[in-house]
Amino acid sequence: MTSRVRFAPSPTGFLHVGSARTALFNWLHARSTGGTFVLRVEDTDAERNRPELTDALLAELEWLGIDWDEGPVFQSARRDRHREVVEDLVGRGLAYLCDADDHPVEGTRLVDGLAVRFRMPAGETVVFNDVVRGEVAFATDDLEDFVVWRSNGNPMFLLANAVDDADMGITHAIRGEDLLSGVPKVLLLLDAMGVPHPTYAHLPLLVNEERKKLSKRRDEVSVGDYRERGFLPEAMVNYLALLGWGPPDDVEIRPLDEIVGLFRIEDVNKAAAFFDIRKLEHINATHLRALSVEEFTDRVTPWVGEAAPWPAENFDSDRFATMAGLVQEKLRTFGDVCSFVDFLFLDDPVDDEESWKKTMVEAPSAVAVLDATAVAFADCPWEAEVLKEAVAAAGAAVDLKLGKAQAPVRVAVTGRTVGPPLFETMAECMERQEVLRRIARARARL
RNA sequence: GCCCCCAUCGUCCAGCGGCCUAGGACGCCGGCCUUUCACGCCGGUAACACGGGUUCGAAUCCCGUUGGGGGUACCA
């Protein structure tokens, strides 16, 4: 039998990184076993359900490259079927009506104002074998009669979940560990319906630095936020795959299709995993460097658009394209790009205080280097190699190697100690007069 | 409170009874390379929670303790 898995998010309007990891592991299992990946939107809570929230969710999945074979199926559209199952349960005495005070009510007709509770059998043990956790057992005596149908005429998610998994032929339910304790109830429902159980695999939770489940309130959990900060989808899924699973050959950074070939749901480990953004950044930077210059330039361009710190009319796409190749290997995320190229499009470079202090105030030779450089730059050929020699000579005159000598020039021209290769940048992207003006501007401040 | 789950470097992953004086990656600390930073390379730091068993032999199996987490809604 070929596997059928499902990702069943509730429509919250954004994709949580934990949900994305769950979706990814389901997808990986489907793709690595030739199975089917079904998308199901669990929107039984009508009050919170809005179509645009689902759209946002699907867009993020698509961005990550997680595609689905069936769906999205909306649970709310299956209400009649859920009701039918509940009525059957009530009819057979396996569930009963109850009022707002939770008092049982005689009768078998589902009416507004009355909820339905499933009758928990006494003295039984529900056992199941979880793919990642092994055998798990619950005593029914520890469980209470639970609501399967709400008094407002909608099914509870446990009921809808059980019915839909059964009807859709789901073979593997792969999801977060926070849902583990709901399993016995679902199993009892499945038994009552007389259908087989899917195989469960409960993934370890993603936690924050306090080892608590990632929360929307205090943690950065939105996949969309990472996208907007300039993370690549291929880096995002690569990192997510590493949370709770590891490749057998220890090669962590690799394309998704390779992971598909290596992934096995039974290799997933049990312990909670900390979402470490520093490692994500490292993986992102590595994927970034692997891009061709053309593709890098193409994909980074949105980050030098509207949000950029310079006047829009100053932007020059040709100069930026030249610069792109020089900064690609230095970025960790696309979001970093402006700080590497802003000096090209700003009327005056930013004056980074730390940089100024270190290379100008605390460097006694700064004045000499700047003056000598200005003289040399005034009428030399405007080529990287020539500019480099000029600064080297200016430095040598005061006993400084090129590394030290270029620092004040770099800060005068770009505003910062950190940036792209200086001489190439000046030769290829800047006018001689502008460079001289900036050197003079810095000189005037000393 | 009750139920369930978890426990290897700061972090993620490897280890599934002997190959472990515990391996890889991120981070961190040195060094090299170098026009800054970054990249790359070299080296270093750092862990089997504790206590009992089982076994010739345990990070690996069992029990307990401690610690952490999740669940306990007419949310999903």
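The structure presented is a predicted model; accordingly, all values stated were derived computationally and were not measured. All chains are named by letter (A, B, ...) in the order of the sequence lines, taking the proteins before the strands, and each is independently numbered beginning at 1.
For K358(A), the side-chain contact (heavy atoms from CB on, under 4.5 Å) test picks out no residue, with sequence neighbours left out. Listed by chain and residue number, A235(A), N238(A), Y239(A), L242(A), I253(A), K279(A), H287(A) satisfy the side-chain contact (heavy atoms from CB on, under 4.5 Å) test with I283(A) (two or more places apart in sequence, or in another chain).
Judged by Watson-Crick or G-U wobble contacts below 3.5 Å, the nucleotide rG18(B) has rC56(B) as its partner. Under the Watson-Crick and G-U wobble criteria, each requiring two contacts below 3.5 Å, nucleotide rU11(B) is paired to rA25(B). The pairing partner recorded for rA47(B) is none, the criterion being a Watson-Crick or G-U wobble arrangement whose two distances lie under 3.5 angstrom.
At a threshold of 4.0 angstrom between heavy atoms, the contacts of D141(A) with the nucleic acid are absent. Within 4.0 Å (heavy atoms only), G244(A) reaches sugar-phosphate atoms of the nucleic acid but no base atom. In this structure, F157(A) reaches the bases: a heavy-atom distance under 4.0 Å links it to at least one base atom across the strands shown. A137(A) comes within contact range of the sugar-phosphate backbone alone, with a heavy-atom separation under 4.0 Å but no base atom that close. Across all strands shown, W149(A) has no heavy atoms under 4.0 Å from either base or sugar-phosphate atoms.
Nearest-nucleotide assignment on RNA chain B puts the 5′-proximal partner with F275(A), out of F275(A) and A8(A).
Not less than 6.0 angstrom separates the ring centroid of F25(A) from the ring centroid of W245(A).
A cation-pi arrangement is absent between K388(A) and F423(A), since the terminal nitrogen or guanidinium carbon is not both under 6.0 Å from the aromatic centre and inside a 45° cone about the axis. In this structure, R78(A) forms no cation-pi arrangement with F74(A), as its terminal cationic atom is not both closer than 6.0 Å to the ring centre and no more than 45° off the ring axis. In this structure, R416(A) fails the cation-pi test against W356(A), since its NZ or CZ atom is not both closer than 6.0 Å to the six-membered ring centre and inside 45 degrees of the ring normal.
Across rG1(B) and rG44(B), the matching P atoms stand 47 Å from one another, rounded to whole Å. Taking atom C1' in both rG15(B) and rU34(B), one finds a spacing of 40 Å when rounded to whole Å. rU35(B) and rC48(B): their P atoms are spaced 44 Å apart (whole Å). rC28(B) and rA46(B) have their C1' atoms separated by 10 Å, with the value rounded to a whole Å. Using atom P as the reference point in both rC9(B) and rA22(B), the two lie 14 Å apart (nearest Å). One P atom belongs to rU8(B), the other to rC62(B), and the distance between them is 16 Å to the nearest Å. A gap of 22 Å separates the P atoms of rC6(B) and rG10(B), to the nearest Å.
The nucleotide whose nearest atom lies closest to any side-chain atom of K212(A) is, among rG69(B), rG23(B), rC74(B), rG69(B). Here the side chain of A271(A) is nearest to one of rC6(B), rC3(B), rU11(B), namely rC6(B). For N269(A), taking side-chain heavy atoms from C-beta onward, the closest of the listed nucleotides rA76(B), rC6(B), rC13(B) is rC13(B).
Residue side chain S151(A) reaches the base of rC74(B) through a donor-acceptor N/O pair under 3.5 Å, judged by distance alone.
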Going 5' to 3' through nucleotides 26-44 of chain B and flagging B where a protein heavy-atom sits under 4.0 Å of the base, S where only the sugar-phosphate is that close, and - otherwise, we get SS-------BBBBS-----
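Side-chain polar atoms of N154(A) and T44(A) form no donor-acceptor pair below 3.5 angstrom.
Spacing between atom CG of D130(A) and atom P of rG70(B) amounts to 18 Å, rounded to whole angstrom units.
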